[in-house]
Protein chains: 2
Amino acid sequence: MEERLADRLQQIKKLLHAEQLKLTPQREATLRVLLENQEAHLSAEEVFMLVKHKAPDIGLATVYRTLELLVDLRIIEKLNFGDGVARYEFRERDQPHHHHHLICLDCGKVSEIEDLLGDLERSIETRHRFRIVDHRVSFLGYCRECQEKTKTEGTALPSVAKDR
Amino acid sequence: MEERLADRLQQIKKLLHAEQLKLTPQREATLRVLLENQEAHLSAEEVFMLVKHKAPDIGLATVYRTLELLVDLRIIEKLNFGDGVARYEFRERDQPHHHHHLICLDCGKVSEIEDLLGDLERSIETRHRFRIVDHRVSFLGYCRECQEKTKTEGTALPSVAKDR
DNA sequence: ATAGATGCAAAGCGTTTGCAGGCCT
DNA sequence: AGGCCTGCAAACGCTTTGCATCTAT
């Protein structure tokens with residue numbers, strides 16, 4: 001896993017250079033944090049705090065600018081789980097469609113499942129003459145652990161989760 | 001259509017009264033705007049501007065409070081298209097799952113298609129032991145009109161749309 | 001010298017909240 | 001009186017931007 005990280009950084013360095021952009025220490029630190037927390041769906045603020053450990057002098061604005069840059073370069077993806085903060089994750093290589101998210105309304109955990117919409121998209125494209133280039137899919141519900149927790153607590157039907 | 005609107009308002013009045021809440025002129029004006037623009041996916045600011053015509057003295061905070069109230073009562077639904085503003089639309093009666101949205105990356109138009117995820121959800125529920133209570137699905141792409149516009153302009157492949 | 005990149009602080013934007021009244025039994 | 005409701009303005013939280021400075025060609 002160690003060399004894969006270094007490899008990926010080299011690839012990205014080339015991508016940046018192709019656009020006359022630099023892989024500065026701040027950008028590298030930000031990328032390392034993102035690479036080391038692939039499944040974490042970090043917010044900008046969370047990335048910032050983690051990067052501070054590696055590069056204490058970095059500013060929040062730089063993190064925001066770096067994240068925006070990486071989104072534009074399609075290296076990472078900006079996610080929106082409706083909780084008022086943008087979250088970021090690495091894009092799969094050359095994969096236009098990301099996976100789907102299962103969002104637990106109780107504990108807030110977000111897990112991922114593979115993309116299941118291929119056939120559906122094709123039928124939508126023909127029926128609505130709408131050319132689909134991407135989709136955003138989230139399923140809201142209760143994860144296994146929270147279902148069991150609720151059972152043992154003997155609580156009745158879980159109330160509707162608040163928006164924030 | 002006229003009487004259906006009045007009917008719906010009476011229903012909602014009862015719902016409010018059941019919670020010791022009142023259907024004030026401001027709330028009624030807000031509801032009328034929402035009822036008269038069912039497919040429009042209005043933002044709070046847009047609702048506010050439309051309500052101002054009917055009730056010029058209303059404050060933005062009241063609109064926000066009314067919208068929040070209606071969301072809590074499950075009369076309307078808060079939508080998030082990732083453009084940085086919350087949008088609102090009426091809930092279908094007793095229908096837990098809303099429809100899906102086709103979002104055009106060129107002109108920004110949002111159209112609706114019926115819910116197509118029933119089977120998919122059941123298979124996810126068993127395979128991941130995740131109890132699904134709702135989902136959010138948006139397809140991003142190019143609508144029929146924008147596809148044709150692009151063709152006649154002779155422009156090459158449309159560039160990736162900016163996030164905002 | 002030139003162009004990109006940075007940190008800081010200030011501004012921006014949508015949304016929420018505190019508060020002093022207002023309305024309606 | 002009491003509760004709900006309102007408008008206004010201020011506050012809020014996340015994000016963006018202006019600017020002077022720095023770095024590496």
Side-chain angles (χ1 to χ4, degrees), chain A residues 12-31 33 41-73 75-88 162-164, chain B residues 12-31 33 41-52 54-73 76-88 162-164:
Chain A
I12 291 167
K13 190 171 187 174
K14 279 179 200 161
L15 277 172
L16 290 166
H17 285 169
E19 312 263 357
Q20 282 80 46
L21 301 168
K22 297 164 192 169
L23 183 59
T24 63
Q26 292 92 332
R27 288 180 182 168
E28 184 172 332
T30 305
L31 276 164
V33 163
H41 305 303
L42 299 175
S43 68
E45 198 84 34
E46 288 163 351
V47 172
F48 175 60
M49 292 193 306
L50 290 169
V51 173
K52 272 245 158 186
H53 295 160
K54 296 175 196 278
D57 287 348
I58 198 172
L60 179 54
T62 301
V63 170
Y64 272 104
R65 281 190 278 236
T66 301
L67 291 171
E68 188 189 10
L69 182 70
L70 296 174
V71 169
D72 286 351
L73 289 174
I75 294 168
I76 64 174
E77 199 155 356
K78 194 175 185 174
L79 304 174
N80 187 337
F81 294 141
D83 62 348
V85 279
R87 299 182 175 277
Y88 300 86
K162 282 276 163 205
D163 224 357
R164 323 206 159 186
Chain B
I12 291 166
K13 191 171 186 173
K14 280 180 202 159
L15 276 172
L16 289 166
H17 285 170
E19 312 263 356
Q20 282 82 44
L21 301 169
K22 297 164 191 168
L23 183 58
T24 63
Q26 291 91 332
R27 288 179 183 169
E28 183 173 334
T30 304
L31 276 163
V33 164
H41 305 305
L42 300 175
S43 68
E45 198 83 31
E46 287 163 353
V47 172
F48 175 59
M49 292 194 304
L50 290 168
V51 174
K52 272 245 156 184
K54 296 174 197 278
D57 288 348
I58 199 172
L60 179 55
T62 301
V63 170
Y64 272 106
R65 281 189 278 236
T66 301
L67 291 171
E68 188 188 11
L69 182 70
L70 296 174
V71 168
D72 286 352
L73 290 173
I76 64 174
E77 198 156 357
K78 193 174 187 175
L79 305 174
N80 186 338
F81 294 141
D83 62 349
V85 278
R87 298 181 175 277
Y88 299 86
K162 281 277 163 205
D163 223 357
R164 321 206 161 183

- prompt: Could you state the NZ-C1' distance from B:Lys78 to C:dT16, rounded to the nearest angstrom?
  reply: 10 Å
- prompt: How long is the line joining CG of B:Asn80 and C1' of C:dT15, in whole Å?
  reply: 13 Å
statement: With sequence neighbours left out, the residues meeting side chain to side chain donor-acceptor pair (under 3.5 Å) with B:Arg87 are B:Glu46, B:Asp83
message: Using a strict heavy-atom distance below 4.0 Å, which residues from residues 46-55 of chain A are in contact with DNA chain C?
response: none
Atom-to-atom span, CG of B:Asp83 to P of D:dT16 - whole angstrom: 14 Å
- prompt: How about B:Leu73 and B:Ile12: do any of their side-chain heavy atoms sit closer than 4.5 Å?
  reply: no
message: With the threshold set at under 4.0 Å for non-hydrogen atoms, list the residues of residues 59-67 of chain B touching DNA chain D in residue-number order.
response: B:Gly59, B:Ala61, B:Thr62, B:Arg65
Reported CG-to-CZ distance for the pair B:Leu60 and B:Arg65, which is rounded to 0.5 angstrom: 10.0 Å
message: Can you tell me how far apart CD (B:Glu68) and CD1 (B:Ile76) are? Round to the nearest 0.5 Å.
response: 10.0 Å
Donor-acceptor under 3.5 Å (B:Thr66 side chain, B:Thr62 main chain): yes
- prompt: Do the non-hydrogen side-chain atoms of A:Glu45 and A:Val85 ever get within less than 4.5 Å of each other?
  reply: no
statement: note: B:Leu16, atom CG; D:dC4, atom P; distance rounded to Å ~ 13 Å
field: Test ring-ring contact (aromatic ring centres under 6.0 Å, His included) applied to A:His17 - qualifying residues, sequence neighbours left out
entry: none
- line: When every non-hydrogen atom of B:Val51 is compared with those of B:Ala29, the smallest separation belongs to CG1-CB, 3.9 Å
query: How many Å lie between CD on A:Glu68 and C1' on D:dT15, as a whole number?
result: 10 Å
message: Give the residues of residues 19-31 of chain A touching DNA chain D, defined as any heavy atom closer than 4.0 Å, sorted by residue number.
response: none
message: Output the rounded distance in Å from CG (A:Asp57) to C1' (D:dT21).
response: 14 Å
query: Between A:Val71, A:Leu79, A:Leu42, A:Ile75, which is the residue that forms a side chain to side chain contact (heavy atoms under 4.5 Å, CB included) with A:Tyr88?
result: A:Val71
Which pairs of donor and acceptor atoms, one on a side chain in residues 21-28 of chain A, lie under 3.5 Å apart (sequence neighbours left out)?
from    : atom 1 : to      : atom 2 : distance (Å)
A:Thr24 : OG1    : A:Arg27 : N      : 3.2
A:Arg27 : NH1    : A:Lys22 : O      : 2.8
A:Glu28 : OE2    : A:Arg32 : NE     : 3.2
A:Glu28 : OE2    : A:Arg32 : NH2    : 3.0

- request: Enter the distance from B:Asp72:CG to B:Glu19:CD here, rounded to the nearest 0.5 Å.
  value: 9.5 Å
